[in-house]
Structure formats: structure tokens, C-alpha cells
J.: 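This structure is in C-alpha cells; I'll ask about it shortly.
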Number of protein chains: 2
Amino acid sequence: MVATLKDVATLAGVSVKTVSNVVNGYAFVKAENRRRVEEALAATGYRPNVGARNLRRGRTGFLALMVPELSIPYFGELAGLVITAAQQQDWSVLIEHTQGTRERERATLGSLGPHMVDGAIVSPEALEAEDFAALGTGVPLVMLGEHAVDVPIDHVAIDNVLAAKTAVGHLASLGRRRIAAIGQNQHRGTAALRLAGYRDALAEAGLPQSDDLVAPARNYHRRDGAEAMAHLLELPEPPDAVFCFNDLLAIGAMRAAAERGLRIPADLAIVGFDNTEESAYSLPALTTIAPDKAAIARTAVDLVRRRIESTDQLAPQDIQTPFSLEVRESTVGRAT
Amino acid sequence: MVATLKDVATLAGVSVKTVSNVVNGYAFVKAENRRRVEEALAATGYRPNVGARNLRRGRTGFLALMVPELSIPYFGELAGLVITAAQQQDWSVLIEHTQGTRERERATLGSLGPHMVDGAIVSPEALEAEDFAALGTGVPLVMLGEHAVDVPIDHVAIDNVLAAKTAVGHLASLGRRRIAAIGQNQHRGTAALRLAGYRDALAEAGLPQSDDLVAPARNYHRRDGAEAMAHLLELPEPPDAVFCFNDLLAIGAMRAAAERGLRIPADLAIVGFDNTEESAYSLPALTTIAPDKAAIARTAVDLVRRRIESTDQLAPQDIQTPFSLEVRESTVGRAT
DNA sequence: CAACGTTGTTCCAACGATGTAAACAAGTGC
DNA sequence: GCACTTGTTTACATCGTTGGAACAACGTTG
């Protein structure tokens, strides 16, 4: 059996409340009693019943994190950072994954009662505006990544348009003329933004735009990148560079290119997006957009906390976190 | 505010318990009352207070998963599978990570009161036998991976010795003579087992053993693999093959080899361990031991459930899950 | 029509912790 | 000796839920 406050109190010969006071660091407890209580606590190995405590306090001590797939390196890395940031605020993190389907995302959002978690950090992919109505009221929510739609909810992301523009600008500055993009997708908010950045950069560099060079990707897995790249390489005039909307697509694209005997970056330069750890060690190492993932995690947790603490309505925040371009071998070749 | 049973009861004009009965599917509720309660439930958007319910029922609905780092692909993939398996048993998964330090692992284990979670699945790296005494009593615990030590706890893993032997046997069968190993580590149970398998295979193939060819790795990150490989390649007689104790080490080793102009597998064959998704897309694609991660996750969740449900003491189970050798380019070259 | 079982509902206590306020003890000042 | 602080402890109600006992209403049966 597990010791409760009552057990400890009996053992120490004081009231339950006094034990509670000791546990919670209440100042006015006589030294003698404090000592006895502490002994009893140690003897019984008392640990507070989180459920009961939270029932009383109206907090749960849990934070939910909703991601599409934990096996995707970006989300694995991000989740780790969120957990770390949350631990510092005494929160435990509950992770749900949705496979990026709208139905699962709705269901997850709906199950997040305020009794279950104090707040939630969500990274939706397919949700529509109306789905947010289904959300259990009263749970502070922070969204990561781009809105698909306009929803009055806190939101943390990098400037996707600028980031994409930076990536493509880098390719253009290297003298690439036929720059392709992989990752177009109707259902993802980020895809539209990154595509816009891609187009901006081409326009600015005075390069022609061609729909042939924009390859869609249903999911953002390595396989999708390989398929898209294979398709691009069959064009009569194949690209000499490609901007992939995430690192996994880029890894897949590299493989497809390598399998066809292309040299990277000589024949084909590749830029990814996310700066997952994998990208620094791929062969060749991948040039990629590096969002400050730790900042994203910290900011998101902070936003949740702030919204919980302040009783009055805050206007929804829209916070942009920094990013940088990590230049590696896939665009500039092996450093000598 | 959030609706409670009381609110619903008032609205429906019945007692709290009747509403509770409806919510919990108690059979004997008059149709008329049931209808009114259901209307009231819908109108208020009632969701049960998980904390209170569990306080009463003595269950929490949470399962803890402790891993060293979520950003390590193997654990990201595994965590995803555990979440999926747990969802099917109506459990939400709480993830804690420890960076693989003994102190953090102890602390995490200690914080898992039975009020917090119904059970825990842990993947420790540095824990010693005595640390398990610190565990809050009464929480069913399942360990993944090898024990460092003998502890009477449920345990799910593949046969590490056999798996390592299989991997190294594969290298030997390809005619490699100087087969190195990367990943030796005093503190990891798995390291010892994989090393034993490595030695078994060498012995069986009649190959000489040399301590020079066994490279330690503090952590199991890509960087450690690269450093170890660099070291091995500086030997007067460098290896012609290397067995890495996980995929990340192998990825790092590949990079170090490639940077020194070695061709893989012609000059150096490499085998990894874990079959992370990354390994199928690396250049060259990595030959690796493929544990059935889904089986591990399912088995672990099942074990926890079984231990919760049965009141009597079950003997600690020791379950081995299947694995296979995934042969790819890093040992046999590009398929034509 | 009394006794009984069946069905449906309500009341009460309890899970374990904590906030509130009251009770108690020991000084202090007048 | 009394009111008044100041410090210290306790009793009690409460958070939202559910199990069990008690109770009420009903039709059946002997």
C-alpha cells in the first residue's frame, strides 16, 4: 500500500493538516513537529497523490503535446525539447500522435479536457478552422507551425516565407538556373508558405518559373522525396537544384539522384528544411534551413504558462522564432 | 467554466448519481430520465473530470515511458509505437527523458508514484540494481533492453548476443578478415551482450580477436561513431569491416570513412543495429539488425496491462522478441 | 391485501489533498 | 487581569466522482 497524509499524520502524532503544511513548506510549524513529520515522511516513503492534489488545486500538472508522428525526426527532436522545457515548469508531458489525419487530430483535440491537462501544444496538419470549436473549452492552446486557417489561437513558428526564400536565394546565388521545389501540398499551411517563398526568390533572382519544377508530396517522408525527385529527373530539362520542404524529402531526393548517378552538388544541389540531426551526417551533408527548435519549444511552453496564469483574456499571440541557413556539402561540396 | 455532474443533474432535474449512472452505462435508468440526462449532457458539453474519477477508482489512465532521449531515432520510433499500442488500451502516454544519466533515471523512477501512472515502461541505461529499490512501490514496471543487472522485473528485448553474432557473421561470410566493433561501453548492459556476440562470431569464423579493433563509445550518437571510426582508421592495420552497436554510430562511422576517401563497402563494410528509418535511406543504405519494434511496444504494453489486472504475483517475465538482418548496400554494394 | 421481488432513484460516505477559519497557546502591553 | 498580538495547530468543508445502502414506487403472487 501507499502511504497517505493520514498515515504520516498518525505516525507523527499530529494532524493531517500539519503534515500537509510541512509538505508544502508552510512557515509556522514548530521545529519539533517538523522534525517528527519529516521522519514520518521518510519512514513511510510518502509521495503526494497527484490526482487528489490536483483535484483540490484545479491543476493537473500535465501538458499535452500533439504531433503527427513521433518517428519523424523533426518531431522527435522537438518533443524532446518540449519535454525539457516543460520539466522546468514542473509539467509532465503527455504525447499524442495523429498520423496527421484530420479525424485523429479532431479526436485528440476533443479529448483534451481541462481536467486532463493544464494546456496543450499542438502541431496540426489537417485541421480546419471549424474543428477548433470542438475543443474542450478552457484549455490554453498553443499552435506550432503555420495555421492552415485563421484561428484566434497562440501560435509559434518561424517566418516560413522568408526561410524558403533564403534557401532558394542561396541556390540562385550559386548560379543554379533550374531550381525545383518538392513538397507542394494542398492541405498543409506550411507548404503554401514555403512555396510562396520559393516563388519570391525565383522572381527576385530573375529566374523563370515553371509548374513542371514544382513537385507535390503527399506526406513528408523520405519515400515521398525519392518519388518526387525521380519524377523531376525524368523531365526533358531536369533541374540543377532542388529545394525540399523538409529534410526527409531532401534525404529521399538525394537517394533518388544518387541512384541515377548524379553527383551532388555538382549536377544537382539540394537544400532541405528543419536541420534535423540526420542532415548534418548524411552523405553529402545537407544544406538546410535551421529553425531554432529549442526556442520554439521554450516559447510554446512559456505561452501556455502565461495564459494559465493570467486570468484576463490576452489577445492571441503570434510569435516568430529565429532561423538560419546551415550551409553544408549538398550545395557547396566538400570543404577542403 | 466547465460543467460538472452537478450542473448536468440540476439541468436535467435528477440527482447527481443518476447522471453518473447514465454516463457509466448503468442499465436501470428510466428512458425518460435517460433522455433528459443525455440532453443535458450534450447541452453542457460535459466531460468527466479525470482526476476525480481516478481518485475514486484508483486508476489514472496514464502510462509512463522513460527513454534516454526522444531525439534519438530509435527511441522516437519506439515511443510512437508504444503510444499507438497504449491508445488501444485507452491509455495516454507520459514521456520522460533522462539523457541516460543515472541520476535522472533514478529521479524519474522515483517520481512515478502509483497515483501518477498505472504502469511504466522504462528503457534505462545507467541504472544499477539498487536503484530499483527507490521505485515507488506498486507501479507495474516493464524494462526494455537488456538489464545491466539482475532485477526481478518484467523485461522485453531481442536476443542481443545472437543478433550481434548474426551481424558479424554476415560480415565474416563476405570474406572480411579484420572486423572492428564500435560501441563498447562499461555502463550499458546491451554493449556487453553485443560485444559477446561479436566475439562469438569471430571465434566461430576462426578470425583473430584484437582489442585494438574494439572501439568504445561514450554515447551512441553519430558523433561518437565518427570519432571511433576515425580512430580505427588510424591503426597501422585498419579494419575492412565494422559492426556498430547502433545505427547512429554506423552513420557516423560511414561519414568518417567517406571523409577519408574510403569506398563503402569495397574498402570498408558497415553493419548497424536498430534499423531506424534513416538507415534505409543513407548513402549507402545501411545493413542493420532489425528488431521488431512494433512487437516490443505491443509486448511491453501487454505486460503492463496483465500485471495490473492480475492481483496475484506473477513471476517476472523475460520475453524475447524477434529480429532480422536487413542486408543493404553498406555490406553488399549497390543492387544492379 | 400483505409480503415480496423488481426496478429506479436518491442519499451518504469516501478517495487524498488543501484552503479557511476557528481554536488554542504563549507572550506583550497597559 | 484583560485585551491584544503572534505563532501554531486542528476541525471541517470542499474539489468531482462513484460504490453501496437506503428508499420509493411498482406490479406480482400466494
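Proteins come first, then strands; the chains are lettered A, B, ... in the order of their sequence lines, and each starts at number 1.
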J.: What integer distance in Å separates B/Asp7:CG from D/dG16:C1'?
T.: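 Rounded to the whole Å, the gap is 10 Å.
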J.: Which whole-number value in Å describes the distance from A/Arg34 CZ to D/dT9 C1'?
T.: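 Value for this atom pair: 13 Å.
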J.: Tell me what B/Tyr46 touches on the nucleic acid: a base, only sugar-phosphate, or nothing, going by heavy atoms under 4.0 Å.
T.: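 Counting heavy atoms under 4.0 Å across all strands, the contact made by B/Tyr46 is with sugar-phosphate only.
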J.: When rounded to the nearest 0.5 angstrom, what is the spacing between CD1 in B/Ile319 and CG in B/Asp154?
T.: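 That separation rounds to 7.0 Å.
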J.: Which nucleotide wins on minimum distance to the side chain of A/Val14, given the candidates C/dG16, D/dG16, D/dT10?
T.: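 Between C/dG16, D/dG16, D/dT10, the one nearest the side chain of A/Val14 would be D/dT10.
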J.: Is the count of non-hydrogen atoms from other residues, nucleotides or ligands lying under 6.0 Å from B/Glu103 atom CD greater than 12?
T.: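 Not more than 12 within 6.0 Å, no.
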J.: Give A/Thr18 one of three labels, base, sugar-phosphate or nothing, depending on what nucleic acid heavy atoms sit under 4.0 Å from its own.
T.: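 Base, at least one base atom sits under 4.0 Å.
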J.: Please round to the nearest 0.5 Å and tell me the distance separating atom CD of B/Glu125 and atom CD of B/Glu69.
T.: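 That separation rounds to 8.5 Å.
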J.: If you check every side-chain atom of B/Ser20, which of D/dT8, D/dT18, D/dT17 has the closest atom?
T.: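 Comparing D/dT8, D/dT18, D/dT17 against the side chain of B/Ser20, the answer is D/dT18.
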J.: Taking the side chain of B/Val16 as its heavy atoms from C-beta onward, which of D/dA11, C/dA17, D/dT17 lies nearest to it?
T.: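 The answer is D/dT17, which lies nearest to the side chain.
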J.: Is the gap between the ring centers of B/Phe62 and A/Phe62 under 6.0 Å?
T.: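 Distance test on ring centres: under 6.0 Å, yes.
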J.: Rounded to the nearest 0.5 Å, what's the gap from CD on B/Gln317 to NE2 on B/His155? Could you check?
T.: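 Reported value, rounded in 0.5 Å steps: 12.5 Å.
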J.: With a 3.5 Å cut-off and just heavy-atom distances, do the side chain of A/Arg57 and the base of C/dA17 make a donor-acceptor pair?
T.: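 Under the 3.5 Å cut-off, the side chain and the base do not form any donor-acceptor pair.
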J.: Below 3.5 Å between N/O atoms, which protein atoms pair up with nucleotides 20-27 of chain D? Just atom names and distances, please.
T.:
{"from": "D/dG20", "atom 1": "O6", "to": "B/Lys17", "atom 2": "NZ", "distance (Å)": "3.3"}

J.: So, does the side chain of A/Arg56 form a donor-acceptor pair with the base of C/dT18 at under 3.5 Å?
T.: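 Looking at the base of C/dT18, it does pair with a donor or acceptor on the side chain of A/Arg56 (distance under 3.5 Å).
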J.: Any chance you could measure A/Arg36, atom CZ, to A/Thr18, atom OG1, to the nearest 0.5 Å?
T.: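 The distance works out to 10.5 Å.
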J.: What is the distance from atom CG of B/Asn219 to atom CD of B/Gln99, rounded to the nearest 0.5 Å?
T.: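 Rounded to the nearest 0.5 Å, the CG-CD separation comes out at 9.5 Å.
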J.: In whole angstroms, how far is the P atom of D/dC15 from the CE atom of A/Met116?
T.: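 From A/Met116 CE to D/dC15 P: 23 Å.
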J.: Would you give me the side-chain donor-acceptor pairs under 3.5 Å for residues 48-58 of chain B, sequence neighbours excluded?
T.:
{"from": "B/Asn49", "atom 1": "OD1", "to": "B/Gly51", "atom 2": "N", "distance (Å)": "2.9"}
{"from": "B/Asn49", "atom 1": "OD1", "to": "B/Ala52", "atom 2": "N", "distance (Å)": "3.0"}
{"from": "B/Asn49", "atom 1": "ND2", "to": "A/His115", "atom 2": "ND1", "distance (Å)": "3.4"}
{"from": "B/Asn54", "atom 1": "ND2", "to": "B/Val50", "atom 2": "O", "distance (Å)": "3.0"}
{"from": "B/Asn54", "atom 1": "ND2", "to": "B/Arg59", "atom 2": "O", "distance (Å)": "3.3"}
{"from": "B/Asn54", "atom 1": "ND2", "to": "B/Thr60", "atom 2": "O", "distance (Å)": "2.9"}
{"from": "B/Arg57", "atom 1": "NH2", "to": "B/Asn24", "atom 2": "OD1", "distance (Å)": "3.4"}

J.: Any side-chain N or O of A/Thr4 less than 4.0 Å from the OP1 or OP2 oxygen of C/dG16?
T.: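 Checking A/Thr4 against C/dG16: no side-chain N or O falls below 4.0 Å of OP1 or OP2.
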J.: Round to a whole Å and report the spacing from NZ of B/Lys6 to P of D/dT17.
T.: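 So the two atoms are 11 Å apart, to the nearest Å.
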J.: Whole Å only: how far is the CZ atom of B/Phe28 from the P atom of C/dT7?
T.: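 The distance from CZ of B/Phe28 to P of C/dT7 comes to 5 Å, rounded to the nearest Å.
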J.: Find the distance B/Lys30:NZ to C/dT10:C1' and express it as a whole number of Å.
T.: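 Atom-to-atom, B/Lys30 to C/dT10, this comes out as 13 Å.
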J.: Could you check whether B/Asn24 gets within reach of a base, just the sugar-phosphate, or nothing at all, counting any heavy atom under 4.0 Å?
T.: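 Counting heavy atoms under 4.0 Å across all strands, the contact made by B/Asn24 is with sugar-phosphate only.
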J.: Side chain of B/Asn21: nearest nucleotide among D/dA11, C/dT10, D/dT18?
T.: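 Nearest listed nucleotide: C/dT10.
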J.: As a test of reading the structure: which of C/dA17, D/dT9, C/dG8 is closest to the side chain of A/Tyr26, going by heavy atoms?
T.: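 It is D/dT9.
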J.: Between A/Val23 and B/Leu55, which has a closest nucleotide on DNA chain C that is more 5'?
T.: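 With A/Val23 and B/Leu55 compared, the 5'-side residue is B/Leu55.
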J.: In whole Å, what is the span from the CG atom of A/Asn33 to the C1' atom of C/dA25?
T.: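 The answer, rounded to whole Å, is 13 Å.
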J.: C/dA17 P sits how many Å from A/Arg47 CZ, rounded?
T.: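 Between P of C/dA17 and CZ of A/Arg47: 12 Å.
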